[in-house]
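Written below as structure tokens is the structure these notes are about.
Residue numbering restarts at 1 for every chain, and letters A, B, ... go by the order of the sequence lines.
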There are 2 protein chains.
Amino acid sequence: MGLAKTEMFTKRQNTISSFAKAFGHPARVAILQHLFKIKACVCGDLVNEIGLAQPTISQHLRELKQLGLIQGNVEGTSVCYCINKENWAKMKGIVSEFLDQDLTCNDCC
Amino acid sequence: MGLAKTEMFTKRQNTISSFAKAFGHPARVAILQHLFKIKACVCGDLVNEIGLAQPTISQHLRELKQLGLIQGNVEGTSVCYCINKENWAKMKGIVSEFLDQDLTCNDCC
DNA sequence: TTTATTCATCGTAATATTGCAATGAACAAA
DNA sequence: TTTGTTCATTGCAATATTACGATGAATAAA
């Protein structure tokens with residue numbers, strides 16, 4: 001019914017999918033790549049850079065922020081967003097462990 | 001409008017988000033983990049293992065198959081699904097490159 | 001104080017995703 | 001052939017996501 005039955009899965013499985021969902025939209029991929037590139041940012045730059053409306057960018061930023069992958073520091077009228085290094089590293093560890101699973105396989109395939 | 005404006009983004013950005021979307025649901029994470037674990041599988045096993053209805057599992061399998069991450073070989077009345085090692089490795093390379101971006105940052109944050 | 005700038009939030013419309021009952025297709029066994 | 005097994009597909013209902021105009025809150029500048 002459009003509702004992910006999260007209670008059926010392990011905490012780890014839900015964590016992995018939550019992080020993956022964060023990268024599951026090209027706008028958020030682009031936002032993160034831009035933050036990595038310039039190493040600091042304000043929302044207005046992203047609106048020009050990405051090409052989506054300001055509320056849309058703001059909404060994507062909020063999702064990334066709620067997951068802890070970015071942080072925003074208010075500076076006057078603008079907000080300085082950047083990658084949260086510590087949480088990014090944690091996420092990378094969890095996702096990488098999933099991606100790095102053993103590929104050995106029996107004769108079935 | 002619920003429509004990702006893929007044409008605004010680079011091919012690479014869309015590729016990353018497509019793969020990420022595949023892991024963006026705990027059921028698909030669980031399916032892949034199970035395939036890794038037993039190294040071969042049929043759909044019926046997954047229905048018992050995961051706990052979702054058979055059509056639901058079949059639908060998730062189709063998405064993973066369309067992305068090339070798994071493959072299914074028909075064996076009599078059952079279908080043997082397993083990880084597509086080559087494509088998994090390719091995907092891992094693309095996603096890892098994104099995750100491994102340089103975390104150095106200026107004094108802004 | 002007034003005005004401008006910047007970003008967040010609200011409200012809403014459109015599309016996407018998830019889940020499953022019902023059904024179908026393919027094959028094997030009786 | 002008939003029956004049973006296995007998985008795919010269809011059709012639908014419910015929820016989630018995406019996008020943006022309008023508006024609000026906060027601050028800075030005039």
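Distances shown here put every side-chain N or O of His60(B) at or beyond 4.0 Å from the OP1 or OP2 atom of dT17(C). Contact annotation: His25(B) reaches the phosphate of dG19(C) (side-chain N/O to OP1 or OP2, under 4.0 Å). Taking only side-chain nitrogens and oxygens, Lys21(B) never comes nearer than 4.0 Å to OP1 or OP2 of dA16(C).
When the salt bridge (Lys or Arg N to Asp or Glu O under 4.0 Å) test is applied to Arg12(A), the partners found at least two apart in sequence or on another chain are Glu97(A). Evaluation of the side-chain contact (heavy atoms from CB on, under 4.5 Å) rule for Lys37(B) yields no partner, not counting sequence neighbours. Taking the side-chain contact (heavy atoms from CB on, under 4.5 Å) definition, one finds that Ala89(A) meets it with nothing, sequence neighbours left out. Here Glu63(B) pairs with Arg28(B) under the salt bridge (Lys or Arg N to Asp or Glu O under 4.0 Å) rule; sequence neighbours left out. Judged as a ring-ring contact (aromatic ring centres under 6.0 Å, His included), and not counting sequence neighbours, the contacts of Phe23(A) are Trp88(A), Phe98(B). Considering only residues two or more places apart in sequence or on other chains, Val42(A) meets the side-chain contact (heavy atoms from CB on, under 4.5 Å) condition with Asp45(A), Ser78(A).
Note: CE (Met8(A)) to C1' (dC20(C)) measures 12 Å, nearest angstrom. Rounded to whole angstrom, the span from the CG atom of Asn48(B) across to the P atom of dT6(D) amounts to 10 Å. Atom CZ of Phe9(A) and atom P of dT18(C) are 11 Å apart (whole Å). Separating the CD1 atom of Ile50(A) from the P atom of dT18(D) is a distance of 14 Å, rounded to the nearest angstrom. Rounding to whole angstrom units, CD of residue Gln66(B) and P of dT17(C) are separated by 11 Å. As a whole-Å value, the separation of Leu52(B) CG from dA14(D) C1' is 16 Å. Taking atom CD1 of Ile31(B) as the reference point, atom C1' of dG19(C) lies 13 Å away to the nearest angstrom. In this structure, the CG atom of Leu46(A) is 14 Å from the P atom of dA19(D), given to the nearest Å.
Ring geometry for His25(A) versus His60(A): interplanar angle of 30 to 60°, hence tilted.
Residue pairs that meet the side-chain hydrogen bond (donor to acceptor under 3.5 Å, both in side chains) test with at least one member in residues 46-55 of chain A, sequence neighbours left out, do not exist here.
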When you check every protein heavy atom under 4.0 Å of nucleotides 4-11 of chain C, what one-letter string (B, S, -) results, 5' to 3'?
-> -BBBBB--
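In the helix from dT1(C)-dA30(D) to dA30(C)-dT1(D), the end axes, each obtained as the rotation axis mapping the C1' atoms of four pairs onto the next four within a five-pair block, lie 10° apart to the nearest 10 degrees.
Of the candidates dT18(C), dT18(D), dC20(C), the closest approach to any side-chain atom of Arg28(A) belongs to dT18(D).
In this structure, the side chain of Ser17(A) engages the main chain of Asn14(A) through a donor-acceptor pair within 3.5 Å.
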